Amino acid sequence: QVKFFVDGVTIQNYPGEAVWLDGSLPVSGFSRNGSGDYQARWTHEFDHSGSFTKGESGDGYFAFVGEHNKMAAWPAQVFLGGRQLRQVESNPGPGEFARDYGRDLVILGEDPAGREVRASSKEQALFIGGSNNTIQGIGIRRYASGLTSLGTIYMMNGGHTGRDVVI
């Protein structure tokens, strides 16, 4: 996470260079379990509060997303061969993953052999204070930003500019 509280700073790419802030890490060591899914150890856990206060369940959260979208409060993300998988509570199928927080596992519904698996390991890319700062010409990907983080990029105070930023 880049965090700063100054005025008039510009964060940008070097001309002609592609810059990505990536909130994920590779996951390896998958083995097939008895259900036919593929699991690996993964300990990263993100706040899944349903309110703006960390650790609070916030029953009002479902007013935002509806009770049929209960995984929306869980910001973990997994990517298989560059493709984002959909999070489910359990028993993932092709194109899906589940997290078993009790056993520190990520579970895939398809064989990851020969493809890179990445999972979110960070919640926020940039936290910017001060005033009149500029972010431009960069990309930001694969962060697990929950409600309490207030976004992958958080710009407080005022006068900040975001230009040519891909999130």
Side-chain angles (χ1 to χ4, degrees), residues 1-29 40-67 69-89 97-106 116-167:
Q1 177 188 44
V2 176
K3 190 181 254 192
F4 61 91
F5 298 89
V6 295
D7 298 330
V9 170
T10 298
I11 295 177
Q12 70 179 58
N13 63 315
Y14 185 80
E17 295 291 323
V19 174
W20 286 96
L21 301 180
D22 193 323
S24 71
L25 289 172
V27 183
S28 60
R41 183 163 171 71
W42 190 251
T43 60
H44 292 277
E45 185 172 345
F46 302 99
D47 187 77
H48 57 275
S49 301
S51 75
F52 290 104
T53 303
K54 284 190 181 214
E56 283 189 11
S57 65
D59 294 334
Y61 182 76
F62 292 113
F64 292 118
V65 299
E67 289 193 32
N69 291 316
K70 50 179 146 172
M71 295 312 293
W74 296 81
Q77 296 185 79
V78 174
F79 302 83
L80 176 60
R83 176 177 46 102
Q84 185 173 357
L85 303 180
R86 186 172 75 86
Q87 186 173 195
V88 296
E89 284 186 81
F97 80 97
R99 281 283 281 117
D100 183 331
Y101 291 99
R103 297 187 302 152
D104 288 333
L105 296 173
V106 62
E116 181 183 44
V117 179
R118 296 188 72 87
S120 296
S121 61
K122 294 180 175 51
E123 189 172 346
Q124 193 173 59
L126 299 169
F127 186 101
I128 302 168
S131 62
N132 301 315
N133 296 300
T134 301
I135 307 300
Q136 64 185 25
I138 64 173
I140 299 170
R141 63 183 172 201
R142 299 188 268 222
Y143 284 81
S145 301
L147 188 58
T148 59
S149 68
L150 302 175
T152 302
I153 299 175
Y154 181 71
M155 296 176 163
M156 63 185 295
N157 300 334
H160 303 295
T161 301
R163 182 174 34 243
D164 300 323
V165 175
V166 175
I167 300 175

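Please read these numbers as outputs of a predicted model, since none were measured by experiment.
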Student: From Gln77 CD over to Gln84 CD, what is the distance, rounded to the nearest 0.5 angstrom?
Tutor: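 Reported value, rounded in 0.5 Å steps: 4.5 Å.
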
Student: Restricting to pairs with a member in residues 145-157, which pass salt bridge (Lys or Arg N to Asp or Glu O under 4.0 Å), not counting sequence neighbours?
Tutor: none

Student: If I compare all heavy atoms of Leu21 with all of Ala125, which pair ends up nearest, and what's the gap?
Tutor: CD1-CB, 4.2 Å

Student: When you measure from the side chain of Gln124 to the backbone of Ser145, do you find a donor-acceptor pair of N or O atoms at a distance under 3.5 Å?
Tutor: no

Student: Tell me the salt bridge (Lys or Arg N to Asp or Glu O under 4.0 Å) pairs involving residues 71-83, sequence neighbours left out?
Tutor: Arg83-Glu110

Student: If you round to the nearest 0.5 Å, how far is CD1 of Ile140 from CD1 of Ile167?
Tutor: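 It is 5.0 Å, given to the nearest 0.5 Å.
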
Student: Output all residues satisfying ring pair (Phe, Tyr, Trp, His ring centres under 6.0 Å) with His44, sequence neighbours left out; order by chain, then residue number.
Tutor: Trp42

Student: Let me confirm one number: the CD1-CD1 distance from Ile128 to Ile135, rounded to the nearest 0.5 Å.
Tutor: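 Between atom CD1 of Ile128 and atom CD1 of Ile135 there are 3.5 Å.
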
Student: Without swapping roles, check the side chain of Arg86 against the backbone of Phe97 for a donor-acceptor pair under 3.5 Å.
Tutor: no

Student: If every non-hydrogen atom of Ala144 is compared with every non-hydrogen atom of Ser120, which pair is closest and at what distance?
Tutor: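 Distance-wise, the nearest heavy atoms are CB-CB, 3.6 Å.
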
Student: Looking at Asn157 and Gly130, would you say the former's side chain and the latter's main chain have a donor-acceptor pair under 3.5 Å?
Tutor: yes

Student: Would you compute the distance between atom CD of Gln136 and atom CG of Asn13 and round it to the nearest 0.5 angstrom?
Tutor: 7.5 Å

Student: Can you pull the salt bridge (Lys or Arg N to Asp or Glu O under 4.0 Å) pairs that have at least one residue in residues 132-156, sequence neighbours excluded?
Tutor: Asp22-Arg141, Asp22-Arg142

Student: Applying ring pair (Phe, Tyr, Trp, His ring centres under 6.0 Å), name anything that partners Phe127, two or more places apart in sequence or on another chain.
Tutor: Phe5, Tyr154

Student: Mind checking the CG-CG spacing from Asn133 to Asp7? Nearest 0.5 Å is all I need.
Tutor: 6.5 Å

Student: Any non-hydrogen side-chain atom of Tyr14 less than 4.5 Å from a side-chain atom of Val19?
Tutor: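 No - every pair of side-chain heavy atoms lies 4.5 Å or more apart.
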
Student: Does anything in residues 155-167 form a salt bridge (Lys or Arg N to Asp or Glu O under 4.0 Å)? List the pairs, not counting sequence neighbours.
Tutor: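 Not a single pair qualifies under salt bridge (Lys or Arg N to Asp or Glu O under 4.0 Å).
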
